[in-house]
> 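For reference, the structure I am asking about is given below.
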2 protein chains.
Amino acid sequence: MDPRPTTSSAEHDIAADLVAVLVAVTSGDPRVLTIQDQRALPSGPFELAHRSLQSGLRAWVERQTRLPLGYVEQLYTFADRDRADATGKHVISISYLGLTREQPALGEHEARWRCWYDYFPWEDHRAGPPPLIEQALRPGLRAWIAAASDRAAQRGRRQRAAMLFGLEDHAWNEELVLQRYELLYEAKLIPEAHRGNSQAFELGDTVRPAAPGKPMMLDHRRILATGIARLRAKIKYHPVVFELMPDTFTLLQLQRCVEALAGRQVHKPNFRRLIEQQELVEETGETSQEAGGRPAKLFRFRRTVLAERAISGTKLPISGA
Amino acid sequence: MDPRPTTSSAEHDIAADLVAVLVAVTSGDPRVLTIQDQRALPSGPFELAHRSLQSGLRAWVERQTRLPLGYVEQLYTFADRDRADATGKHVISISYLGLTREQPALGEHEARWRCWYDYFPWEDHRAGPPPLIEQALRPGLRAWIAAASDRAAQRGRRQRAAMLFGLEDHAWNEELVLQRYELLYEAKLIPEAHRGNSQAFELGDTVRPAAPGKPMMLDHRRILATGIARLRAKIKYHPVVFELMPDTFTLLQLQRCVEALAGRQVHKPNFRRLIEQQELVEETGETSQEAGGRPAKLFRFRRTVLAERAISGTKLPISGA
DNA sequence: ATCACTTATACTCCTAGAGAGCATAAGTTA
DNA sequence: TAACTTATGCTCTCTAGGAGTATAAGTGAT
């Protein structure tokens, strides 16, 4: 073990990049900020001027996009060899999840909001399991299963696919976004898997039809998957949804927001019961009748709960897991 | 937004360090591997030869300590300005949690296993709330509360302290390890808070008596807190405990291991019920009578559950939260 | 041999919370 | 006025999880 803080000669120069998964929910769609023809996540260099990584990200995002970043959380740090840049220098990417409200009309650097289900169409189960799993994914998965070396390996692959994609009466678990992406990647059903690493085409690896869903540069789609998974897990025990809501909202709007993120429907009475009995919100006294039915009460998030409670003590009724 | 992958001129040279929180549980104590007179966590440079960060850490740890690393998980990436090394170069620290079984007699670089409660004595509630919270912590906390600018701020501080340390009929939540450390740090009850940043002694900041617990170099104690918190959260829904157990074990040994990590007692009948009804273990047919009572059946972890189940579907009876 | 003690293991009871369904209220639009 | 939409309240049921109790099967001391 190398005793700190003597600077070892083995240390090499490395560049650090910040990559952001910026999420907003607009009119019932979970959206993510993209650049470069919607094929990349916004990223920028980590500069010496920044006090810390988190403040570096905040400063950079708010300067570039003028978005007020409500909630920021570190996701994961990558440093794969493929990511070395033109000079051969190692690039470390530190990815962050950021939540914000609504989208202003930002137009710089062709930044665009895009529904995240465009990149992961199999993740949207709000109207039940999407048919595209059976139609577009299953054949490729079958081919991957059959391509395993022996019977035991085939059984393992089948079991893993069934568990992750909710096949053969496995229940759908919306949190396993990253694992599903990694399986599809491993099964060469993701276009990104064919780039860079040319060893991928050895042996009996036939090129299988790509899974639906828009690809991204480098490993940005994996980073996005990480962000979605983290957010889906987080909303169950931490009141972060409110960072995505306007100041006042109806309970149905809140529910739609949660459903958009979780990618599954929520039982309406239970949802209201949970929100209200936890006293996460308070009435504003006003009502909204945007939706042509009985006017709904408007609510506002009780920010004080963040101080009152142990921060891990809130729950949303998403069965899953 | 800066379109990748053009290398921006604003990128500066940075060194990347890997820091490991290596955990083992021996004879009922949760231990962590330390170096430098038990004042630092093992760390090493990230080298170009490594395929990825994770494999870099694995290779380096296994080479230096000859420990078989069962489970590895990334914790957090730090890059605070204080961490700049002698040359003024930014140092990014990527911290990892690693689980291993037992300790061999490794003696290199004065590496030693040490009980993690030596660094966080207030975290051990296995025999009820430790008296040292009332005796050694409470006075300092009171002083910090009283030092707030106005009544509202005082109330906020009191509430936060009560929530985190289980005072004033708040329940103890064993997962909030990091938040507790950060509060003590902020309250200047942690010796590490007095180093480096000399601005800390402005205004009415009196030097309060330090909290008990062995300090560490740099922010290593914070990293350790992060690791403990992550592990305490993880054992509740993922069967990682078994990475810390020998091949065969009794249910009581397993329970003691969980209790050591969680820092609280567990209801024995409920624990056994949960473990058995989830079919996490299988009998070996043998029995153990190390403990001078009725011989206990020996069990073994059913590794297949990792494939069978969605990995998030296991639970341990730790009320908390 | 008996007793005290330790540990293992099996049951029962209770309650809070989550899932699901139904009923009613109060608006809108055709 | 009817049909439809959305809001809101209530009930029922099931189960997981928390807590307590009882019995079994060993050890070591008197």
Side-chain angles (χ1 to χ4, degrees), chain A residues 27-28 128 171-174 235-237 248-259 262 264-299 309 312-321, chain B residues 27-28 128 171-174 235-237 248-259 262 264-299 309 312-321:
Chain A
S27 55
W172 173 257
N173 184 337
E174 74 282 349
I235 52 173
K236 290 184 186 169
Y237 60 90
T248 66
F249 47 84
T250 71
L251 290 187
L252 186 59
Q253 285 168 345
L254 183 63
Q255 181 183 341
R256 292 283 177 253
C257 180
V258 168
E259 289 175 335
R264 55 157 60 196
Q265 273 198 309
V266 163
H267 189 76
K268 197 201 277 195
N270 292 347
F271 181 79
R272 312 174 115 261
R273 179 178 57 190
L274 238 72
I275 297 295
E276 297 200 289
Q277 83 186 12
Q278 287 182 110
E279 297 180 294
L280 291 175
V281 297
E282 62 191 2
E283 301 185 11
T284 65
E286 322 237 304
T287 58
S288 151
Q289 50 202 89
E290 289 185 4
R294 170 174 170 177
K297 287 182 192 163
L298 282 172
F299 290 84
R309 294 211 230 306
S312 44
T314 53
K315 286 183 181 174
L316 289 177
I318 303 165
S319 55
Chain B
S27 55
W172 173 257
N173 184 337
E174 75 282 349
I235 52 173
K236 289 184 186 169
Y237 60 89
T248 67
F249 46 84
T250 72
L251 290 185
L252 187 60
Q253 285 168 347
L254 183 63
Q255 181 182 343
R256 292 285 176 251
C257 180
V258 168
E259 289 175 335
R264 55 158 60 197
Q265 273 196 310
V266 162
H267 189 76
K268 197 201 278 194
N270 292 347
F271 181 80
R272 313 175 114 260
R273 178 177 60 187
L274 240 71
I275 297 296
E276 298 198 289
Q277 83 185 10
Q278 288 182 111
E279 297 181 294
L280 292 175
V281 297
E282 61 191 1
E283 300 185 14
T284 64
E286 321 239 304
T287 59
S288 150
Q289 50 202 88
E290 289 185 4
R294 169 173 170 177
K297 287 183 194 163
L298 282 171
F299 291 85
R309 295 211 230 306
S312 45
T314 52
K315 286 183 180 173
L316 288 179
I318 303 166
S319 55

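Values reported hereafter were calculated over all heavy atoms of this structure, with side chains retained and with hydrogens, waters and symmetry mates removed. Below, chains carry the letters A, B, ... as their sequence lines are ordered, and counting in each starts from 1. Computed from a predicted structure; not experimentally measured.
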> Would you mind reading off the distance between B:Gln265 atom CD and D:dA19 atom P, rounded to a whole angstrom?
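Result: 11 Å.
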
> If the cut-off is 4.0 Å, is A:Lys297 near the phosphate of D:dA7, judged by side-chain N/O to OP1 or OP2?
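No, outside the criterion.
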
> Does B:Arg294 make a side-chain N or O approach to OP1 or OP2 of D:dA24 shorter than 4.0 Å?
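For D:dA24, neither OP1 nor OP2 has a side-chain N or O of B:Arg294 closer than 4.0 Å.
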
> Donor-acceptor pair under 3.5 Å: do we get one between B:His267's side chain and the base of D:dG20?
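Donor-acceptor pair under 3.5 Å: yes.
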
> For a quick test of reading the model, state the closest non-hydrogen atom pair linking A:Glu283 to A:Lys297 and the distance between them.
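Residues A:Glu283 and A:Lys297, closest heavy atoms: OE2-NZ, 3.2 Å.
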
> Any N or O donor-acceptor pair linking the side chain of B:Asn270 to the base of D:dG17 at under 3.5 Å?
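No, the side chain and the base share no sub-3.5 Å donor-acceptor pair.
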
> Given atom CD of A:Gln278 and atom P of C:dA16, what is their separation to the nearest angstrom?
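Result: 16 Å.
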
> Please tell me which of the listed nucleotides, D:dG17, C:dT7, D:dT8, lies nearest to the side chain of B:Leu252?
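My answer, after comparing the listed nucleotides, is C:dT7.
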
> Between D:dG9, D:dG20, C:dT7, which nucleotide has the shortest distance from any of its atoms to the side chain of A:Pro269?
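For the A:Pro269 side chain, the nearest candidate turns out to be D:dG9.
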
> Nearest-Å distance, CZ (A:Arg272) to P (D:dG9)?
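Atom-to-atom, A:Arg272 to D:dG9, this comes out as 7 Å.
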
> Which sits closer to the 5' end of DNA chain D, A:Arg273 or A:Gln253, going by the nucleotide each is nearest to?
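With A:Arg273 and A:Gln253 compared, the 5'-side residue is A:Gln253.
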
> Please name the pair of heavy atoms, one in A:Ile275 and one in A:Leu254, separated by the smallest distance, quoted to 0.1 Å.
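In this case the closest contact between A:Ile275 and A:Leu254 is CD1-CD2, 4.1 Å.
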
> Figure out the CZ/P separation between A:Phe249 and D:dA7, and round it to whole Å.
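Nearest whole value for this atom pair: 14 Å.
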
> What is the distance, to the nearest angstrom, from the CD1 atom on B:Ile275 to the P atom on D:dA16?
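Roughly 15 Å, once rounded to whole Å.
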
> Verify side-chain contact (heavy atoms from CB on, under 4.5 Å) between B:Thr250 and B:Leu298, making sure each step is shown before the conclusion.
CA-CA 5 Å; B:Thr250 72; B:Leu298 282 171; 3.8 Å; yes

> By the 4.0 Å heavy-atom rule, please label A:Leu251 as base, sugar-phosphate, or nothing.
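Counting heavy atoms under 4.0 Å across all strands, no contact is made by A:Leu251.
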
> Rounded to whole angstrom units, what separation is found between the CG atom of B:Leu274 and the C1' atom of D:dT15?
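Interatomic distance, CG of B:Leu274 to C1' of D:dT15: 12 Å.
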
> Quick one: B:Gln277 CD to D:dT15 C1', roughly how many Å, whole number?
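It works out to 10 Å between those atoms.
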
> Do B:Leu251 and B:Lys268 have side chains that approach each other closer than 4.5 Å (heavy atoms only, starting at C-beta)?
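No. Closest side-chain heavy atoms not under 4.5 Å.
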
> Please confirm whether the backbone N or O of A:Val266 pairs with a side-chain atom of A:Gln255, one donor and one acceptor, at under 3.5 Å?
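Yes, because the side chain of A:Gln255 sits within donor-acceptor range (under 3.5 Å) of the backbone of A:Val266.
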
> I need the CZ-C1' distance between B:Arg256 and C:dT6, as an integer number of Å.
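So the two atoms are 12 Å apart, to the nearest Å.
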
